[in-house]
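One structure is given below, encoded as structure tokens.
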Amino acid sequence: MSNGNENAPDIANVSRRKFLKGLTATGALVIAARWTPASLAQDAEGPDDKTKYGADAMSHGWVDNPDVFISIAPDNTVTLINHRGEMGQGIRTSVVMVLADELGADWQRVRVEQAIANEEKYGNQNTDGSRSMRHWFDPLRRAGAAARTMLEQAAAKQWGVPVTECRTGVHQVIHVPTKRTLSFGELATAAAAQPVPDRKSLKLKSPDEWRYIMRKPQDFPKANNLQPLAVDGMDILTGKAQFAADVSWDNMLYAVIARPPSYGAAVKSFDDKKALAVPGVVKVVELPTATQPSGYEPMGGVAVLAESTWAAIQGRKALTIEWDNGPAGANATYDSVAFRELLEERAKKTGKIESQKGDITAARKTAAQSLSVNYYAPHMAQAPMEPMAAIVRIDGDKAEVWTSVQNPQVARDGVAKRLQLKPENVTVQCGLMGGGFGRKAKPDYVFEAADLSKAMDGKPVRVQWTREDDLHNGFFHAAALEHMEGYLDDNKRVVGWLHRSLAPSISSLFAPNAEYQSAAEMGMGIRNIPFDIPALQIENGEAEGHIRIGWFRSVYNVPHAFAIQSFVAELAHMAGKDHRDFLLELLGPNRQIDPGKEGIFNYGEDPARYPIDTARYRAVIERATKEAGWGRKMPPNRGLGLAVHNSFVSYCAIVMDVEVTEGGDVIVHRADVAFDCGPQINPDRVAAQMEGSCVMGTGIALMTQITAKDGRIQQDNFHQYLVPRMNEAPREIRVHAVNNDLDIPIGGVGEPGLPPVAPALCNAIFAATGKRIRSLPVADQLKS
């Protein structure tokens, strides 16, 4: 194998066209696209009414065409297409597991090829929302089953036997009565001549026939000497994997950009004489400032193009730029501390009432005990380890892009529009992403490369962002102020609950005067609260955006869960009750809440298939607390903290075991994560996502924040924008699967593990010290 490990599937970073051309010349089974997207749309079995959910509702929907995803060569090599973005979540491995298992392929004879941007062919490619596997498990299985059926039909014809006597084994078809076999490679040409079977006729494998699906790598069949490696694992470990910053084209120029210091600022004037004098600098180009709201448009500024990244960076340092910050009171005056104070004042007034049950005024008047507090979560940056990079070159009426991006279709269509090309004439090659967390769903950096290639008459230009660029000019997680009120009766039961949420909306990136959270944003933990409380009122407070607000892993679930789960712990303490028991009491009897009837955002999924299920809440709470030994006597300055949250149609409860030293340092000894996403298609990657969530959530709780002064972000690099180092991460993370059941629809995995981490950790701090944390990050709040 080219990666140096005989047990790891090979990764082919070659063009689809080149690969198919080579196989055609050798007579391979190249299941070339014979189904059109239009015919697929006509055959799709969506809901009976016009409302579409899940993959059906996504742009370009889904494709289950084996011609699109599977190729077999005469030498028995099976090439499988991954059309989703790989940013460390392991989707390349998961896609291959599903396709290979249903096809019957031998893992060691599988190659993986990354699809270019082409949703008309591959179906939706937008990798966000924790939906890759929940949207694509069934279509991928059907694609594998269809190819397997074609191989069996080809074998039956060659042997002159009924197809019912033919059965696919591992990388071969067996004639059951005589035990004769034909390999996939021997059948490739004949199978290519078979018609693609109707999806309704397909017979999918039963779970007891699966060899990879729902198994950890160490449990794969030992006879095949499989190793517990992700398909990219060895290439990443040995430095062979290609990320955007690894790619170099002939005659390529390198560009860095001096972007505006605040959102909406523009270049007033600049002097590039010293920059052009830097050895290697070729040209300086002014870029237009985007109008507001800017969407995914680049911010503008002054670009320095050079023969190397180093020369471009030195040239940028030599620029003299005078900025026009806009009228007084605009974004150039934005101060995150002052903005928090403004939100705190606004939180004293009633907001827009989003939902109401019972009489909160009556509950307030008759309450035996009450609690009214605010919780705050700051801006944050996604800060993927690989900063943004993109290469574009233009050749006549065509353009080629090489980048790492979560939404390749938007990148392709955006480049086509700004270069006035047909979308089909723009090729976007998608590399591995060194992290994304929502940042690389916004391809402004790709558009910058397109503009600069055009300015250089089509010459290839690579735009490279630095860490400082990433932190100064990103799309930031919204700061949030959550006002909570709770009212208890004489029996210490919660009879009234008010949640007033104030946070800038992502809508502010796309629409003017977007001063309230959208229905979807309010549906992330607030509108879908499952508590059985007589009087419950949800309010949406005013909060405008003064920096670019964008998606961040788990989005508004992070501040909402922090507030709700911290507040439950505070109410339990006030009531003198055990936190776990109090939380279970709040859930009330087991029941299913219909998001459709309640008008609750449900991540685009069918509310009939994905109700809000309090029994699943209860199950993860009970499992996490059982595994953590809830109620056991803890050493001094050490405590257990609990939190639970439902997001991306999955359920996650976490218990944190935390120690606070005499000097105020926090040690996270252990995290017990109970996670219910229904069936875990790739359990190894599910566990990895929960582990990653615990590490990232620990940073959110203890140290991570973005602040702004005079419109400028104050953090420059990781010495100021703090993320957990190894010694600060949880020392042990244990992940416990709950309801790992095929009867339950698949939920999301990449994001739902994050929201409960910060409140669980902060609740543990209270258990250890008696100090209540209501403002993130903890930072020096525990220092004496």
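Quick note: residue numbers are just sequence positions, from 1. Heavy atoms only: backbone and side chains are in, while hydrogens, waters and symmetry mates are out.
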With no hydrogens and no angle check, is any side-chain donor or acceptor of Arg609 less than 3.5 Å from a backbone partner on Glu605?
no
Are the side chain of Asn646 and the backbone N or O of Ser650 linked by a donor-acceptor pair below 3.5 Å?
yes
Under 3.5 Å, is there a donor-acceptor pair between the [X] and [Y] side chains?
| X | Y | value |
| --- | --- | --- |
| Arg553 | Ser693 | yes |
| Trp465 | Glu448 | yes |
| Gln406 | Thr127 | no |
| Gln680 | Asn740 | no |
| Arg92 | Gln114 | yes |
| Asn126 | Glu119 | no |
| Trp62 | Asn124 | no |
| Ser505 | Glu521 | yes |
| Ser501 | Gln517 | yes |

Are the aromatic ring centres of [X] and [Y] under 6.0 angstrom apart?
| X | Y | answer |
| --- | --- | --- |
| His60 | Tyr122 | no |
| His83 | Trp136 | yes |
| Tyr296 | Tyr445 | no |

Asp395, CG atom: more than 12 neighbouring heavy atoms under 6.0 Å
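No.
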Identify which one of Arg142, Arg141, Lys203, Lys205 satisfies the salt bridge (Lys or Arg N to Asp or Glu O under 4.0 Å) criterion when paired with Glu102.
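Per the salt bridge (Lys or Arg N to Asp or Glu O under 4.0 Å) rule, the option paired with Glu102 is Arg141, out of Arg142, Arg141, Lys203, Lys205.
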Ser132 pairs by side chain to side chain donor-acceptor pair (under 3.5 Å) with which of Gln125, Glu86, Arg84?
Arg84
Using the side-chain contact (heavy atoms from CB on, under 4.5 Å) rule, take Asn528 and Phe601 through it: C-alpha gap first, then chi angles, then the decisive distance, then the call.
CA-CA 8 Å; Asn528 57 334; Phe601 170 68; over 6 Å; no
